[in-house]
**Student:** 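Pasting a structure below so you can have a look.
Atoms considered below: every heavy atom in the structure, side chains included; atoms not considered: hydrogens, waters and symmetry mates.
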Protein chains: 2
Amino acid sequence: MDVNGAIEKRVREAGLRPTRQRIALASLLFAKGDRHLSAEELHEEAVAAGVPVSLATVYNSLHQFTEAGLLRILAVEGSKTYFDTNTSDHHHFFIEGENKVFDIDPGAVKVLNLPEPPEGLEIANVDIVVRLRPKRVR
Amino acid sequence: MDVNGAIEKRVREAGLRPTRQRIALASLLFAKGDRHLSAEELHEEAVAAGVPVSLATVYNSLHQFTEAGLLRILAVEGSKTYFDTNTSDHHHFFIEGENKVFDIDPGAVKVLNLPEPPEGLEIANVDIVVRLRPKRVR
DNA sequence: TTTTTTGCAAACGTTTTGCACACAT
DNA sequence: ATGTGTGCAAAACGTTTGCAAAAAA
């Protein structure tokens, strides 16, 4: 298949062996645009799709993909770790209570006057999380 | 004592009984300016200071102080929750690897063009985390 | 005395690890 | 054949909870 061929190439180019599990996970992750997933969610999707990976393998793969630059870890509070399939510079809305994350229109936000980092350190990246809550009715 | 009297007043005004443990923890937290601490770290400090609180009590107190508006929860990735004694609007540097947090000069940063939140939601707050890493030598 | 708080140990949910077996090369 | 990757179950980690004993009101 064409799509799976592309996914396989992508996995291989990340320096990882294109195993059945990794290809299945990568397909779920990268097939349909930007996604924000926890390991648990991806595991459920995989199982539902008829690919019975173990949760441990999902964690392994997510971290391997992250190291390879295919994913980004999302910095939101809460117990779960979220992985973002969009690795380019962009920021997030976070809905309190629901633990839902989605992208802020990338063109929109601008940060001004970022201070210089202390001696010997450089900026790895800038994460903006805009926390949202239900609007109060008044 | 004067300092402890002030701390006690602060705890009491938060609607909490000024117990030995809460006063000790509040002293450690609020005595010396802005701090960013995990529960574990505060627990160690307390024990080192000769106040053998239990870790459970540290967690309880931190959450009670947070509800009372004396602390803010810090949203940096990673497994640990950090509490910030500075509850005013400001942002953070985060040193990767070291899990260290410190404030960005509050006057400095400005965010432009924040998009409107979706219907029915309002912005609770905006958190900026500037992740730092050791500068590469070249 | 009544109510709140504490401390312990056990429970919890998420993530990581050790190791035998299976798979990709 | 060799080296990786996988799956399971167990361990680890930070955090929360239930409950009896202790302290504050």
**Student:** Report the distance from atom CG of A:L62 to atom P of D:dG5, rounded to the nearest whole Å.
**Tutor:** 15 Å
**Student:** Quick one: which of D:dA24, D:dT15, C:dT14 gets closest to the side chain of A:S79?
**Tutor:**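 The closest nucleotide is C:dT14.
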**Student:** Between the side chains of B:E8 and B:R17, is the shortest nitrogen-to-carboxylate-oxygen separation below 4.0 Å, so that they form an ion pair?
**Tutor:**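 Judged by the 4.0 Å cut-off on N to carboxylate O distance, B:R17 and B:E8 do not form a salt bridge.
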**Student:** Rounded to the nearest Å, what distance is computed from the CG atom of residue B:L55 to the P atom of nucleotide D:dG14?
**Tutor:**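 Roughly 10 Å, once rounded to whole Å.
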**Student:** Which sits closer to the 5' end of DNA chain D, B:A56 or A:S61, going by the nucleotide each is nearest to?
**Tutor:**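 Taking each residue's closest nucleotide, the earlier one in sequence belongs to A:S61.
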**Student:** Let me know the distance between CD1 of A:I73 and P of C:dT14, rounded to the nearest Å.
**Tutor:** 17 Å
**Student:** I want to verify a distance call: between D:dG14, C:dT6, D:dT6, whose nearest atom is closest to the A:T19 side chain?
**Tutor:** D:dT6
**Student:** Strictly by modelled atom types, are A:H90 and A:D84 linked by a side-chain donor-acceptor pair under 3.5 Å?
**Tutor:** yes
**Student:** Show the nearest heavy-atom pair for residues A:A14 and A:L70, with the distance to one decimal.
**Tutor:** CB-CD2, 4.1 Å
**Student:** Without decimals, in angstroms, what is the distance between B:L25 CG and C:dG7 C1'?
**Tutor:** 13 Å
**Student:** Measure the distance from CZ on B:F65 to P on C:dT5 and round it to the nearest whole Å.
**Tutor:** 11 Å
**Student:** Please report, rounded to the nearest Å, how far the C1' atom of D:dA24 is from the CD1 atom of B:I23.
**Tutor:** 11 Å
**Student:** What about the rings of A:F83 and A:H63, do their centers lie closer together than 6.0 Å?
**Tutor:**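 Yes; A:H63 has its ring centre under 6.0 Å from that of A:F83.
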**Student:** Reckon A:Q64 has a side-chain N or O less than 4.0 Å from the OP1 or OP2 of D:dT4?
**Tutor:** no
**Student:** Determine the contact category for B:H63: base if any of its heavy atoms lies under 4.0 Å from a base atom, sugar-phosphate if only primed atoms, P, OP1 or OP2 are that close, otherwise nothing.
**Tutor:** sugar-phosphate
**Student:** Between D:dT15, C:dT16, C:dA24, which one does the side chain of B:Y59 approach most closely?
**Tutor:**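 Nearest to the side chain of B:Y59 among the choices is D:dT15.
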**Student:** Need one value for B:Q21: base, sugar-phosphate or nothing, where a base atom within 4.0 Å counts as base even if backbone is also close, heavy atoms only.
**Tutor:**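 It contacts sugar-phosphate atoms only.
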**Student:** Just to be sure I understand the rule, does B:S38 reach a base, reach only the sugar-phosphate, or reach nothing, if contact means heavy atoms closer than 4.0 Å?
**Tutor:**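 Here B:S38 touches no strand at all.
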**Student:** From the options C:dT15, C:dT4, D:dT6, select the nucleotide whose nearest atom is closest to the side chain of A:T57.
**Tutor:** D:dT6
**Student:** Rounded to the nearest Å, what distance is computed from the CG atom of residue A:L37 to the P atom of nucleotide C:dT14?
**Tutor:**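 So the two atoms are 15 Å apart, to the nearest Å.
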**Student:** When you get a sec, tell me which of D:dG14, C:dT6, D:dG5 is the closest nucleotide to the side chain of B:R22?
**Tutor:** C:dT6
**Student:** Between C:dT14, C:dC23, D:dT17, which nucleotide has the shortest distance from any of its atoms to the side chain of A:R20?
**Tutor:** C:dC23
**Student:** Using only side-chain N and O atoms of B:R12, determine if any of them is under 4.0 Å from OP1 or OP2 of D:dA25.
**Tutor:** yes
**Student:** Within the 3.5 Å criterion, strictly below it, is a donor on B:H92 or B:D103 matched to an acceptor on the partner's side chain?
**Tutor:** yes
**Student:** Judged by each residue's nearest nucleotide on DNA chain D, which is more toward the 5′ side, A:V53 or B:N60?
**Tutor:** A:V53
**Student:** When you measure from the side chain of A:K80, which nucleotide among C:dC8, C:dT15, D:dA23 comes out closest?
**Tutor:**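 From the listed options, C:dT15 comes nearest.
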**Student:** Is the closest basic N to carboxylate O distance between B:E122 and A:R133 below 4.0 Å?
**Tutor:** yes
**Student:** Nearest whole Å is fine: how far is D:dA22 P from B:R17 CZ?
**Tutor:**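 B:R17 atom CZ is separated from D:dA22 atom P by 17 Å.
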